[in-house]
Protein chains: 2
Amino acid sequence: MADGEHALHLEQFVPYRINVAAVFASRALARIYGEKFGIGIPEWRVIAQLGEFGRMTSRDIGELSQMHKTKVSRAVSGLDQRGLVARSENRADRRESFVSLTAAGARVYAQIVPLALAFEQRWTEGIAADELRTFERVLAVLTERGRLLAGTYHEEGA
Amino acid sequence: MADGEHALHLEQFVPYRINVAAVFASRALARIYGEKFGIGIPEWRVIAQLGEFGRMTSRDIGELSQMHKTKVSRAVSGLDQRGLVARSENRADRRESFVSLTAAGARVYAQIVPLALAFEQRWTEGIAADELRTFERVLAVLTERGRLLAGTYHEEGA
DNA sequence: TGACATTAGTTTCACTTGCAACTAACCAGC
DNA sequence: GCTGGTTAGTTGCAAGTGAAACTAATGTCA
């Protein structure tokens, strides 16, 4: 460790710290989706997108929710089998199909949303509003720059 | 969506956003460790801890780097086989053993540290120092609270 | 029209992961 | 110095993952 260099302390290393926080958040959320609804995080993301935007293709789901197409494929299949989403052919382009929530899926969505928002609320409770805004702004910058530094691809976490 | 409730927008949902940022950061870092040194994130965390604290047990490595004991076990085994760490018996408690960097491991550590710090630097470049401090402070709060909300365990991410 | 590239989505495969069960060693308390 | 509980670390296993290969459909350009 020569002059002018800084030592590395893992517990202060931002990429590490972000990851630890992300894992805790995922685990806590997975509990909510999982224990009460038997739904994992990829499934949740699909449901969240469909609940927000309605009918969409798997490609768009992956694009918007930052998931690899194989993960979307498997999540959609699982939800389809369980009757929470339905697929309908796009006659204008038969490679893709539209995915949408069924009535049962919409009910699950309606139940999860308040739980998810309550979790977020509880998680960020007591943090000053302006600090939280700063946090989110910095997070957005880091995410965008991270996307560039990570490369081209397209994928996931929770 | 009744009165008084807020809609959920996944792309603004903090747990989701943290995860996306974490994945990008991990991927970018994994590139650095992986492409140049053939080292994965668990291995990197072990090396980072040993480089910082010297000789320690697997238990302590896991504790400090937030990794499940099986992950630590496998990472240490791999590094041992590759000659980057060495294990030495603790005669006072023969269940555990001390792990430490070999000369080769120390060289790898010395090479990775500046790359890791340069990455962090590049990643956070241009963000105002006070905003970054706020970010880190909020991150610490979220991490601690996340730990509680997630449960008791002990584990990982990148 | 036909050849070639591209795209949506699925499947196969190798790898990583965490949990649970296990082994070996230590630590009561009697 | 036993007996039962606890701890450090490893291993078997089932689930989840992404890359790559694949299928089927669409687009492009001559």
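Sequence lines set the chain letters: A, B, ... in the order given, protein chains first and strands last, and positions in each chain run from 1.
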Can you find a side chain N or O atom of [X] that sits less than 4.0 Å from OP1 or OP2 on [N]?
X     : N      : answer
A/T57 : C/dA8  : no
B/H68 : C/dT17 : no
A/S73 : C/dT10 : yes
B/R95 : D/dT7  : no
B/R87 : D/dT10 : yes
B/R94 : C/dC26 : yes

Atom of A/Q66, atom of B/Y16 and distance for their closest heavy-atom approach
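In terms of heavy atoms, the two residues are closest at CG-OH, 3.5 Å.
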Among A/I18, A/L139, A/V20, which residue satisfies the side-chain contact (heavy atoms from CB on, under 4.5 Å) criterion with B/L139?
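Exactly one pass, corresponding to A/I18.
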Please state how far atom [atom1] in [X] lies from atom [atom2] in [N], giving the value in whole angstrom units.
X     : N      : atom1 : atom2 : answer
B/K69 : C/dT23 : NZ    : P     : 14 Å
B/E89 : D/dA8  : CD    : P     : 17 Å
A/F98 : C/dG9  : CZ    : P     : 9 Å
B/M67 : C/dT16 : CE    : P     : 14 Å
B/Q66 : C/dG18 : CD    : C1'   : 15 Å
A/K71 : D/dA20 : NZ    : C1'   : 17 Å
A/N90 : C/dT7  : CG    : P     : 17 Å
A/R31 : C/dG18 : CZ    : P     : 16 Å

Looking at the side chain of B/D93, which of C/dC19, D/dG18, C/dC26 is the nearest nucleotide?
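That would be C/dC26.
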Polar side-chain atom of B/R45 near backbone of B/S65 as donor-acceptor pair, under 3.5 Å
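Yes; judged by distance alone, with no hydrogens or angles, the pair exists.
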Students often get this wrong, so: under 4.0 angstrom with heavy atoms, is B/T70 touching a base, only sugar-phosphate, or nothing?
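Since a base atom lies under 4.0 Å of B/T70, the category is base.
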For DNA chain C, whose closest nucleotide is more 5', that of A/R74 or that of A/V99?
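Nearest-nucleotide comparison on DNA chain C picks A/V99.
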Does NZ or CZ of B/R147 fall inside the cone over A/F24's six-membered ring, less than 6.0 Å from its centre and within 45° of the axis?
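Not satisfied by the 6.0 Å and 45° rule.
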Are the side chains of B/P15 and A/E120 in contact, using a 4.5 Å heavy-atom criterion?
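SC-SC contact between A/E120 and B/P15 confirmed.
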